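Owing to the predicted nature of the structure, the values given are computational and were not obtained by experimental measurement. Numbers for residues simply follow the sequence, beginning at 1. In each ligand, atom 1 is the first atom listed, and ligand 1 is the first ligand listed.
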Amino acid sequence: MIEFQHVFKSYGRGANILADINFKINSGDFVFISGPSGAGKSTLLKLIAGLEPPSRGAITVKDTRIDHITKRAIPYLRRTVGIILQDTHLLYDRSALDNVMLPLAVMGFDHHTSLSRARAAIVKVGLGGKEKLNPIELSGGEQQRLAIARAIVNHPKILIADEPTANLDQENAQLILEVFRDFNRVGTTTLIASHDRPLLQKHSNRTLLIEPGRFTDLGYHA
Ligand code: ADP
Ligand code: ADP
(Lines give C-alpha, C1' and ligand atoms only; values in the text may rest on other atoms or scores of the structure.)
(Ligands and ions follow the chains in the order given, each with its own letter.)
Protein backbone atom coordinates (compact mmCIF):
# COMPACT_ATOMS: atom_id res chain seq x y z
CA MET A 1 0.00 0.00 0.00
CA ILE A 2 2.86 2.36 0.91
CA GLU A 3 6.52 1.79 0.09
CA PHE A 4 9.60 3.93 0.72
CA GLN A 5 12.82 2.98 -1.08
CA HIS A 6 15.98 4.86 -0.16
CA VAL A 7 14.06 8.03 0.63
CA PHE A 8 15.94 11.15 1.69
CA LYS A 9 14.38 14.45 2.70
CA SER A 10 15.93 17.80 3.48
CA TYR A 11 14.36 21.27 3.40
CA GLY A 12 16.14 23.75 1.14
CA ARG A 13 19.87 23.51 1.70
CA GLY A 14 19.42 22.09 5.19
CA ALA A 15 20.69 18.76 6.49
CA ASN A 16 18.75 15.56 5.86
CA ILE A 17 15.77 15.22 8.18
CA LEU A 18 15.18 11.71 6.83
CA ALA A 19 18.03 9.68 5.33
CA ASP A 20 17.80 6.39 3.44
CA ILE A 21 14.37 5.41 4.75
CA ASN A 22 13.04 2.02 3.66
CA PHE A 23 9.79 0.42 4.71
CA LYS A 24 6.61 -1.14 3.43
CA ILE A 25 3.11 -0.80 4.87
CA ASN A 26 0.48 -3.33 3.82
CA SER A 27 -3.15 -2.69 3.07
CA GLY A 28 -5.19 -2.64 6.29
CA ASP A 29 -2.22 -2.01 8.60
CA PHE A 30 -2.47 0.19 11.68
CA VAL A 31 0.89 1.87 12.22
CA PHE A 32 2.23 4.30 14.78
CA ILE A 33 5.01 6.70 13.86
CA SER A 34 6.75 7.40 17.13
CA GLY A 35 9.72 9.50 18.21
CA PRO A 36 10.72 12.79 19.80
CA SER A 37 9.47 16.16 18.65
CA GLY A 38 11.40 17.53 15.67
CA ALA A 39 12.67 14.12 14.53
CA GLY A 40 10.70 14.11 11.27
CA LYS A 41 7.35 12.41 11.91
CA SER A 42 5.29 15.16 10.25
CA THR A 43 7.72 15.23 7.36
CA LEU A 44 7.26 11.51 6.79
CA LEU A 45 3.46 11.86 6.76
CA LYS A 46 3.61 14.84 4.39
CA LEU A 47 5.73 12.80 1.97
CA ILE A 48 3.05 10.09 1.90
CA ALA A 49 0.27 12.64 1.33
CA GLY A 50 2.27 14.38 -1.41
CA LEU A 51 2.34 17.63 0.56
CA GLU A 52 6.16 17.60 0.38
CA PRO A 53 8.36 16.02 -2.29
CA PRO A 54 11.26 13.75 -1.27
CA SER A 55 14.78 14.99 -2.05
CA ARG A 56 15.73 11.51 -3.31
CA GLY A 57 14.27 8.04 -3.46
CA ALA A 58 11.07 6.32 -4.50
CA ILE A 59 7.69 6.58 -2.78
CA THR A 60 4.90 4.33 -3.94
CA VAL A 61 1.32 4.78 -2.72
CA LYS A 62 -1.23 2.21 -3.85
CA ASP A 63 0.84 1.12 -6.86
CA THR A 64 1.54 4.67 -8.00
CA ARG A 65 4.92 6.38 -7.78
CA ILE A 66 4.31 9.78 -6.21
CA ASP A 67 7.87 11.15 -6.16
CA HIS A 68 8.76 13.31 -9.18
CA ILE A 69 5.16 13.40 -10.41
CA THR A 70 3.79 15.01 -7.26
CA LYS A 71 1.83 17.72 -9.09
CA ARG A 72 0.05 15.30 -11.39
CA ALA A 73 -0.45 12.83 -8.56
CA ILE A 74 -2.17 15.36 -6.30
CA PRO A 75 -5.80 14.75 -7.36
CA TYR A 76 -5.12 11.00 -7.13
CA LEU A 77 -3.60 11.41 -3.68
CA ARG A 78 -6.48 13.54 -2.45
CA ARG A 79 -8.79 10.63 -3.15
CA THR A 80 -6.45 7.98 -1.80
CA VAL A 81 -5.04 9.65 1.30
CA GLY A 82 -7.04 11.47 3.97
CA ILE A 83 -4.83 13.55 6.22
CA ILE A 84 -5.38 15.26 9.55
CA LEU A 85 -2.58 17.72 10.20
CA GLN A 86 -1.52 18.98 13.63
CA ASP A 87 -3.33 22.23 13.00
CA THR A 88 -6.74 20.82 12.02
CA HIS A 89 -7.40 23.66 9.52
CA LEU A 90 -11.09 23.76 10.44
CA LEU A 91 -12.91 26.83 9.15
CA TYR A 92 -14.60 28.85 11.88
CA ASP A 93 -16.79 30.92 9.58
CA ARG A 94 -19.14 28.03 8.77
CA SER A 95 -20.89 25.05 10.31
CA ALA A 96 -19.42 21.65 11.14
CA LEU A 97 -21.41 20.18 8.25
CA ASP A 98 -20.07 22.74 5.76
CA ASN A 99 -16.52 21.98 6.88
CA VAL A 100 -17.00 18.32 6.06
CA MET A 101 -18.75 19.06 2.74
CA LEU A 102 -15.88 21.21 1.52
CA PRO A 103 -13.58 18.48 0.16
CA LEU A 104 -16.53 17.00 -1.76
CA ALA A 105 -17.46 20.34 -3.28
CA VAL A 106 -13.82 20.77 -4.33
CA MET A 107 -13.99 17.39 -6.05
CA GLY A 108 -17.13 18.36 -7.94
CA PHE A 109 -19.77 16.27 -6.17
CA ASP A 110 -23.29 17.68 -6.44
CA HIS A 111 -24.86 19.29 -3.38
CA HIS A 112 -27.21 16.42 -2.59
CA THR A 113 -24.46 13.76 -2.65
CA SER A 114 -22.10 16.00 -0.67
CA LEU A 115 -24.77 16.60 1.95
CA SER A 116 -25.63 12.96 2.50
CA ARG A 117 -21.99 11.84 2.51
CA ALA A 118 -20.97 14.59 4.92
CA ARG A 119 -23.85 13.75 7.27
CA ALA A 120 -22.83 10.09 7.23
CA ALA A 121 -19.20 10.99 7.97
CA ILE A 122 -20.25 13.16 10.92
CA VAL A 123 -22.35 10.34 12.37
CA LYS A 124 -19.45 7.90 11.92
CA VAL A 125 -17.18 9.97 14.15
CA GLY A 126 -19.89 10.31 16.81
CA LEU A 127 -20.91 13.91 16.16
CA GLY A 128 -24.46 13.19 15.00
CA GLY A 129 -26.73 16.11 16.01
CA LYS A 130 -23.88 18.68 15.99
CA GLU A 131 -23.93 19.33 12.22
CA LYS A 132 -25.21 22.89 12.56
CA LEU A 133 -22.73 24.00 15.23
CA ASN A 134 -19.73 26.15 14.46
CA PRO A 135 -16.48 24.25 15.16
CA ILE A 136 -15.65 26.87 17.79
CA GLU A 137 -18.60 25.54 19.82
CA LEU A 138 -17.09 22.04 19.88
CA SER A 139 -14.67 20.71 22.49
CA GLY A 140 -11.07 19.90 21.54
CA GLY A 141 -11.89 16.22 21.15
CA GLU A 142 -14.96 17.01 19.07
CA GLN A 143 -12.97 19.32 16.79
CA GLN A 144 -10.48 16.50 16.28
CA ARG A 145 -13.41 14.21 15.37
CA LEU A 146 -14.67 16.80 12.92
CA ALA A 147 -11.23 16.93 11.27
CA ILE A 148 -11.38 13.12 11.02
CA ALA A 149 -14.84 13.32 9.42
CA ARG A 150 -13.50 15.75 6.83
CA ALA A 151 -10.54 13.48 6.12
CA ILE A 152 -12.65 10.34 5.61
CA VAL A 153 -15.58 11.88 3.72
CA ASN A 154 -13.93 10.91 0.40
CA HIS A 155 -13.56 7.31 1.61
CA PRO A 156 -9.77 7.30 1.35
CA LYS A 157 -7.92 3.97 1.41
CA ILE A 158 -5.27 5.51 3.64
CA LEU A 159 -5.85 7.68 6.70
CA ILE A 160 -3.00 9.70 8.18
CA ALA A 161 -3.03 11.73 11.38
CA ASP A 162 -0.33 13.93 12.89
CA GLU A 163 -0.44 13.98 16.72
CA PRO A 164 -4.25 13.68 16.80
CA THR A 165 -4.31 13.38 20.60
CA ALA A 166 -1.79 16.13 21.35
CA ASN A 167 -4.17 18.52 23.10
CA LEU A 168 -6.50 15.96 24.64
CA ASP A 169 -6.73 14.36 28.08
CA GLN A 170 -6.24 10.58 28.38
CA GLU A 171 -9.93 9.80 28.15
CA ASN A 172 -10.52 11.83 25.00
CA ALA A 173 -7.27 10.57 23.49
CA GLN A 174 -8.57 7.05 24.03
CA LEU A 175 -11.88 7.89 22.36
CA ILE A 176 -10.14 9.42 19.34
CA LEU A 177 -8.02 6.31 18.98
CA GLU A 178 -11.20 4.22 18.98
CA VAL A 179 -12.48 6.31 16.05
CA PHE A 180 -9.32 5.48 14.08
CA ARG A 181 -9.71 1.81 15.08
CA ASP A 182 -13.25 1.77 13.67
CA PHE A 183 -12.04 3.02 10.28
CA ASN A 184 -9.13 0.59 10.36
CA ARG A 185 -11.52 -2.30 11.08
CA VAL A 186 -13.36 -1.62 7.83
CA GLY A 187 -10.08 -1.76 5.91
CA THR A 188 -8.61 1.75 6.00
CA THR A 189 -4.82 1.63 6.24
CA THR A 190 -4.05 3.94 9.17
CA LEU A 191 -0.89 5.82 10.16
CA ILE A 192 -0.73 7.91 13.31
CA ALA A 193 2.24 10.03 14.38
CA SER A 194 2.40 10.36 18.14
CA HIS A 195 4.91 10.86 20.91
CA ASP A 196 2.29 9.96 23.52
CA ARG A 197 4.09 6.97 25.08
CA PRO A 198 1.30 5.78 27.41
CA LEU A 199 -1.07 5.75 24.46
CA LEU A 200 1.37 3.83 22.26
CA GLN A 201 2.08 1.33 25.03
CA LYS A 202 -1.60 0.66 25.57
CA HIS A 203 -2.03 -0.35 21.94
CA SER A 204 0.09 -3.11 20.50
CA ASN A 205 0.73 -2.12 16.91
CA ARG A 206 3.43 -1.91 14.36
CA THR A 207 5.60 1.06 15.26
CA LEU A 208 8.08 2.96 13.13
CA LEU A 209 10.48 4.89 15.36
CA ILE A 210 11.97 8.12 14.04
CA GLU A 211 14.80 9.63 16.06
CA PRO A 212 17.18 12.33 14.88
CA GLY A 213 19.31 10.64 12.21
CA ARG A 214 17.90 7.20 12.91
CA PHE A 215 14.94 5.17 11.65
CA THR A 216 13.90 1.86 13.22
CA ASP A 217 11.05 -0.43 12.30
CA LEU A 218 10.07 -1.83 15.71
CA GLY A 219 7.68 -4.29 14.11
CA TYR A 220 4.46 -5.36 15.75
CA HIS A 221 4.87 -4.34 19.37
CA ALA A 222 4.29 -1.12 21.27
P1 ADP B 1 8.15 15.98 14.09
O2 ADP B 1 6.85 15.81 13.40
O3 ADP B 1 8.78 14.69 14.47
O4 ADP B 1 8.07 16.94 15.24
P5 ADP B 1 8.91 17.51 11.73
O6 ADP B 1 8.83 16.62 10.55
O7 ADP B 1 7.82 18.47 11.97
O8 ADP B 1 9.18 16.62 13.04
O9 ADP B 1 10.25 18.35 11.65
C10 ADP B 1 11.52 17.74 11.44
C11 ADP B 1 12.57 18.81 11.24
O12 ADP B 1 12.32 19.46 10.00
C13 ADP B 1 12.56 19.92 12.28
O14 ADP B 1 13.89 20.29 12.53
C15 ADP B 1 11.80 21.02 11.61
O16 ADP B 1 12.23 22.27 12.11
C17 ADP B 1 12.20 20.86 10.15
N18 ADP B 1 11.14 21.34 9.22
C19 ADP B 1 9.87 20.88 9.17
N20 ADP B 1 9.18 21.50 8.19
C21 ADP B 1 10.05 22.37 7.62
C22 ADP B 1 9.94 23.31 6.54
N23 ADP B 1 8.81 23.47 5.84
N24 ADP B 1 11.06 24.02 6.22
C25 ADP B 1 12.22 23.85 6.90
N26 ADP B 1 12.37 22.99 7.91
C27 ADP B 1 11.32 22.26 8.27
P1 ADP C 1 -2.89 25.37 0.06
O2 ADP C 1 -4.32 25.66 -0.16
O3 ADP C 1 -2.26 26.19 1.13
O4 ADP C 1 -2.06 25.26 -1.19
P5 ADP C 1 -3.18 22.55 -0.07
O6 ADP C 1 -3.92 22.81 -1.32
O7 ADP C 1 -1.95 21.73 -0.14
O8 ADP C 1 -2.83 23.90 0.69
O9 ADP C 1 -4.16 21.87 0.96
C10 ADP C 1 -5.34 22.51 1.31
C11 ADP C 1 -5.90 21.79 2.49
O12 ADP C 1 -6.24 20.46 2.14
C13 ADP C 1 -4.94 21.73 3.64
O14 ADP C 1 -5.61 22.11 4.82
C15 ADP C 1 -4.51 20.29 3.71
O16 ADP C 1 -4.38 19.88 5.05
C17 ADP C 1 -5.68 19.58 3.08
N18 ADP C 1 -5.21 18.39 2.38
C19 ADP C 1 -4.15 18.29 1.57
N20 ADP C 1 -4.01 17.04 1.10
C21 ADP C 1 -5.01 16.33 1.62
C22 ADP C 1 -5.41 14.96 1.54
N23 ADP C 1 -4.74 14.08 0.81
N24 ADP C 1 -6.51 14.57 2.22
C25 ADP C 1 -7.19 15.45 2.95
N26 ADP C 1 -6.87 16.74 3.09
C27 ADP C 1 -5.78 17.18 2.44
Side-chain angles (χ1 to χ4, degrees), residues 1-25 29-61 66-71 73-74 77-78 80-90 140-141 143-144 147-148 150-151 156 158-170 172-173 176-177 179-180 184 189-203 205-219 221-222:
M1 188 56 98
I2 301 169
E3 186 170 11
F4 274 47
Q5 290 167 290
H6 304 294
V7 171
F8 291 73
K9 175 64 182 177
S10 57
Y11 290 101
R13 294 168 159 271
N16 282 324
I17 306 297
L18 302 173
D20 201 14
I21 304 291
N22 296 280
F23 66 87
K24 223 187 228 180
I25 288 171
D29 276 358
F30 192 100
V31 180
F32 280 126
I33 316 290
S34 150
S37 188
K41 301 185 295 299
S42 299
T43 299
L44 184 85
L45 298 185
K46 285 177 182 168
L47 291 176
I48 297 169
L51 299 175
E52 282 286 343
S55 307
R56 266 164 67 192
I59 301 177
T60 308
V61 173
I66 64 156
D67 49 281
H68 287 98
I69 55 153
T70 300
K71 277 224 170 70
I74 282 173
L77 278 170
R78 286 283 161 86
T80 307
V81 183
I83 187 163
I84 301 135
L85 295 173
Q86 239 166 316
D87 172 348
T88 55
H89 292 284
L90 293 171
Q143 291 192 30
Q144 196 58 244
I148 298 173
R150 190 190 48 192
I158 300 168
L159 185 57
I160 288 178
D162 195 1
E163 300 283 357
T165 63
N167 302 310
L168 304 178
D169 57 37
Q170 281 291 320
N172 274 299
I176 288 296
L177 216 70
V179 173
F180 285 111
N184 181 244
T189 306
T190 306
L191 279 87
I192 300 178
S194 175
H195 61 251
D196 183 344
R197 282 198 169 272
L199 194 73
L200 299 182
Q201 274 155 6
K202 219 181 271 175
H203 298 268
N205 283 295
R206 177 156 174 217
T207 302
L208 305 178
L209 178 63
I210 301 183
E211 297 164 303
R214 193 185 158 107
F215 177 87
T216 319
D217 187 342
L218 295 177
H221 57 82

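With hydrogens and angles disregarded, no donor-acceptor distance shorter than 3.5 Å links the side chain of N16 to the backbone of A19. With hydrogens and angles disregarded, a donor-acceptor distance shorter than 3.5 Å links the side chain of S194 to the backbone of D196.
Taking a heavy-atom cut-off of under 4.0 Å, ligand 1 is surrounded by Y11, I17, P36, S37, G38, A39, G40, K41, S42, T43.
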Does the pair D29 and T189 meet the rule for a side chain to side chain donor-acceptor pair (under 3.5 Å), with working shown? CA-CA 5 Å; D29 276 358; T189 306; over 6 Å; no

Would you please test Y11 and S55 for side chain to side chain donor-acceptor pair (under 3.5 Å) and show each step? CA-CA 8 Å; Y11 290 101; S55 307; over 6 Å; no

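I33 is listed as a side-chain neighbour of L45, based on a closest heavy-atom distance under 4.5 Å.
Between R56 and D67 there is no salt bridge, since no side-chain nitrogen of the basic residue lies less than 4.0 Å from a carboxylate oxygen of the acidic one.
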